[in-house]
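Values below: all heavy atoms of this structure, side chains included; hydrogens, waters and symmetry mates excluded. Counting starts at 1 for both ligands and their atoms, following the listed order.
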Amino acid sequence: MIVPVELGAHSYTIVVERGALAGVGARLRALAVGSRVALMSAASIIRFHGKTVADSLGEAGFNVTTVDLPEGEAAKTLAVAERCWDALLEAGLDRTSTVVALGGGAVGDVAGFVAGTYMRGVNFVQCPTTVLAQVDASSGGKTAINHPRGKNMIGVFHQPRLVLIDTITLATLPERDFRSGLAEVVKHGIVLDAAYFEDLETSTAPLLAREETTLERIIGGSCHLKARVVEQDEREAALRAVLNYGHTIGHALEAAGGFTRWTHGEAVSLGIVAEARLAERRGLATGATADRQERLLDRLGLPVRLSGVDADAVVAAIRHDKKARDGQVPFVLAPAIGAFRLVHDVTDADVRAVLATLGA
Ligand SMILES: NC(=O)c1ccc[n+]([C@@H]2O[C@H](COP(=O)([O-])OP(=O)(O)OC[C@H]3O[C@@H](n4cnc5c(N)ncnc54)[C@H](O)[C@@H]3O)[C@@H](O)[C@H]2O)c1
Ligand SMILES: [Zn+2]
């Protein structure tokens with residue numbers, strides 16, 4: 001499946017295809033970029049998929065330097081970015097060169113940040129290898145490293161020239177990471193497309209079995225939905241906030257859980273259920289609409305109940321939300337499956353009440 005992302009001079013395509021990584025060299029050559037490439041990845045991914053990418057780039061005539069990154073979130077630091085800049089200079093990458101990110105959202109975020117800042121921005125290609133990175137982090141152009149005072153605080157917008165999604169890579173993804181990424185897939189269905197949500201409801205079993213045609217359809221469908229949003233709001237001025245569904249409470253739960261209790265996707269799953277109940281509590285949506293969201297997440301093996309959560313910590317974390325404007329945090333709520341509305345006057349009491357309905 002080919003998903004075009006139309007952003008004027010920044011347009012690119014997302015390719016979702018079994019075996020796509022073996023064609024990265026030819027696709028990059030078609031973009032007429034310079035001969036030097038930095039392949040950035042982490043050991044756990046290189047081990048399985050690095051050779052396919054390096055061979056393909058080499059066969060297409062590229063001069064490849066591999067830059068090893070730490071695993072997961074540990075890659076998203078200024079020290080690692082600095083090490084990458086050093087490696088790129090050392091290898092002689094110039095303004096026509098390309099950074100290729102092979103990995104999950106963490107690799108993509110730091111590699112994108114390096115690509116967006118090195119010599120004021122060089123070509124960037126995303127080869128995402130987790131569900132989360134494939135359906136969410138790899139497209140849209142947001143890049144970031146973390147600051148001791150907050151996640152993703154330092155970054156630039158830098159769109160990739162190409163996103164290559166090879167569904168083969170998901171075969172090696174640990175089960176918990178696989179399911180976590182599905183929370184973003186469900187999110188896209190809830191706020192953007194009722195038919196897509198229904199497809200998820202009927203495809204739960206083949207999806208969890210990672211059946212090939214289902215993976216390509218669901219992941220490609222999710223990329224398509226996100227692309228349509230990004231096209232209308234490249235810099236997150238307004239509409240792109242819709243992608244934040246489940247994330248206002250989700251991020252707060254992540255913070256309250258010390259970023260170790262739940263994966264991002266698990267926290268988003270809980271955030272979706274809480275925000276679905278918020279819409280119900282505010283009289284915006286029926287209980288049945290919230291039930292449907294909760295049921296699908298539960299069937300996908302994602303958490304939908306809370307225990308041992310400090311509601312005060314969650315409320316305090318919401319106040320620190322990066323999206324807060326003048327102290328008010330806007331909530332994206334879903335009045336029905338396939339629809340959304342921004343609500344600006346959610347109170348702490350509302351949040352406490354819905355956390356209680358989840359068992360907190
Ligand atoms: N830029 C954006 O728009 C955006 C959007 C959402 C999330 N993010 C960021 O994404 C990050 C989370 O990404 P993630 O969930 O992909 O986690 P991750 O990148 O930390 O990867 C999870 C683990 O899986 C391993 N791994 C990755 N692919 C694998 C594969 N195919 N087989 C075996 N192991 C594999 C990784 O090495 C890592 O240890 C966060 O830092 C978050 O802030 C960015
Ligand atoms: Zn998310």
**Message:** With salt bridge (Lys or Arg N to Asp or Glu O under 4.0 Å) as the criterion, how do Asp350 and Arg281 come out once you've worked through the C-alpha distance, each side chain's angles and the decisive distance to 0.1 Å?
**Reply:** CA-CA 8 Å; Asp350 287 330; Arg281 178 182 158 85; 2.9 Å; yes
**Prompt:** Does any non-hydrogen side-chain atom of Glu184 lie less than 4.5 Å from one of His247?
**Reply:**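 When only atoms from C-beta onward are counted, Glu184 and His247 do touch, with a gap below 4.5 Å.
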**Request:** Run the salt-bridge test on Glu294 and Arg305 with the 4.0 Å N-O cut-off and return the result as yes or no.
**Result:**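 Looking at Arg305 together with Glu294, the answer is yes, because their closest N to O distance falls below 4.0 Å.
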**Prompt:** Are any of the side-chain nitrogens in Arg299 or Glu201 under 4.0 Å away from the carboxylate oxygens of its partner?
**Reply:**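 Salt bridge: no.
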**Asked** What's the shortest heavy-atom distance between Phe157 and Glu234, and which atoms?
**Response**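 For Phe157 and Glu234, the tightest heavy-atom pair comes out as CE2-O, 3.6 Å.
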**Asked** Do the numbers put Arg29 on top of the ring of Phe62, so that NZ or CZ is under 6.0 Å from the six-membered ring centre and no more than 45° off the axis?
**Response**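 Checked: cation-pi criterion not met.
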When you pair each N or O of ligand 1 with protein N or O atoms, which pairs come out under 3.5 Å?
from: ligand 1; atom 1: 1 (N); to: Asp109; atom 2: OD1; distance (Å): 2.9
from: ligand 1; atom 1: 1 (N); to: Lys142; atom 2: O; distance (Å): 2.9
from: ligand 1; atom 1: 13 (O); to: Gly105; atom 2: N; distance (Å): 3.1
from: ligand 1; atom 1: 16 (O); to: Gly105; atom 2: N; distance (Å): 2.8
from: ligand 1; atom 1: 16 (O); to: Thr130; atom 2: OG1; distance (Å): 2.6
from: ligand 1; atom 1: 19 (O); to: Gly105; atom 2: N; distance (Å): 3.1
from: ligand 1; atom 1: 19 (O); to: Ala106; atom 2: N; distance (Å): 2.9
from: ligand 1; atom 1: 28 (N); to: Thr129; atom 2: O; distance (Å): 3.4
from: ligand 1; atom 1: 28 (N); to: Thr129; atom 2: OG1; distance (Å): 2.7
from: ligand 1; atom 1: 31 (N); to: Thr129; atom 2: O; distance (Å): 3.0
from: ligand 1; atom 1: 31 (N); to: Thr169; atom 2: O; distance (Å): 2.9
from: ligand 1; atom 1: 31 (N); to: Thr172; atom 2: OG1; distance (Å): 3.4
from: ligand 1; atom 1: 32 (N); to: Thr172; atom 2: O; distance (Å): 3.2
from: ligand 1; atom 1: 32 (N); to: Thr172; atom 2: OG1; distance (Å): 2.8
from: ligand 1; atom 1: 37 (O); to: Ser44; atom 2: OG; distance (Å): 2.7
from: ligand 1; atom 1: 37 (O); to: Glu71; atom 2: OE1; distance (Å): 2.6
from: ligand 1; atom 1: 39 (O); to: Glu71; atom 2: OE1; distance (Å): 3.3
from: ligand 1; atom 1: 41 (O); to: Glu73; atom 2: OE1; distance (Å): 2.7
from: ligand 1; atom 1: 41 (O); to: Glu73; atom 2: OE2; distance (Å): 3.3
from: ligand 1; atom 1: 41 (O); to: Lys76; atom 2: NZ; distance (Å): 2.8
from: ligand 1; atom 1: 41 (O); to: Lys151; atom 2: NZ; distance (Å): 3.4
from: ligand 1; atom 1: 43 (O); to: Lys76; atom 2: NZ; distance (Å): 3.0
from: ligand 1; atom 1: 43 (O); to: Lys151; atom 2: NZ; distance (Å): 3.1
from: ligand 1; atom 1: 43 (O); to: Asn152; atom 2: ND2; distance (Å): 3.3

**Request:** Could you go through the salt bridge (Lys or Arg N to Asp or Glu O under 4.0 Å) check for Arg36 and Asp94 one step at a time?
**Result:** CA-CA 8 Å; Arg36 291 188 196 277; Asp94 60 31; 5.8 Å; no
**Item:** Within-2.8 Å protein N/O/S contacts of the Zn ion (ligand 2)
**Value:**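 Those protein N, O or S atoms (cut-off: under 2.8 Å from the Zn ion (ligand 2)) are Glu184 OE2, His247 NE2, His264 NE2.
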**Message:** Checking Ser180 against Thr263: is there a side-chain donor and acceptor pair closer than 3.5 Å?
**Reply:**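 A pair is found: one side chain offers a donor N or O, the other an acceptor, under 3.5 Å apart.
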**Asked** Could you walk me through whether His264 and Lys151 pass the side chain to side chain contact (heavy atoms under 4.5 Å, CB included) check?
**Response** CA-CA 12 Å; His264 174 71; Lys151 246 177 83 76; 5.8 Å; no
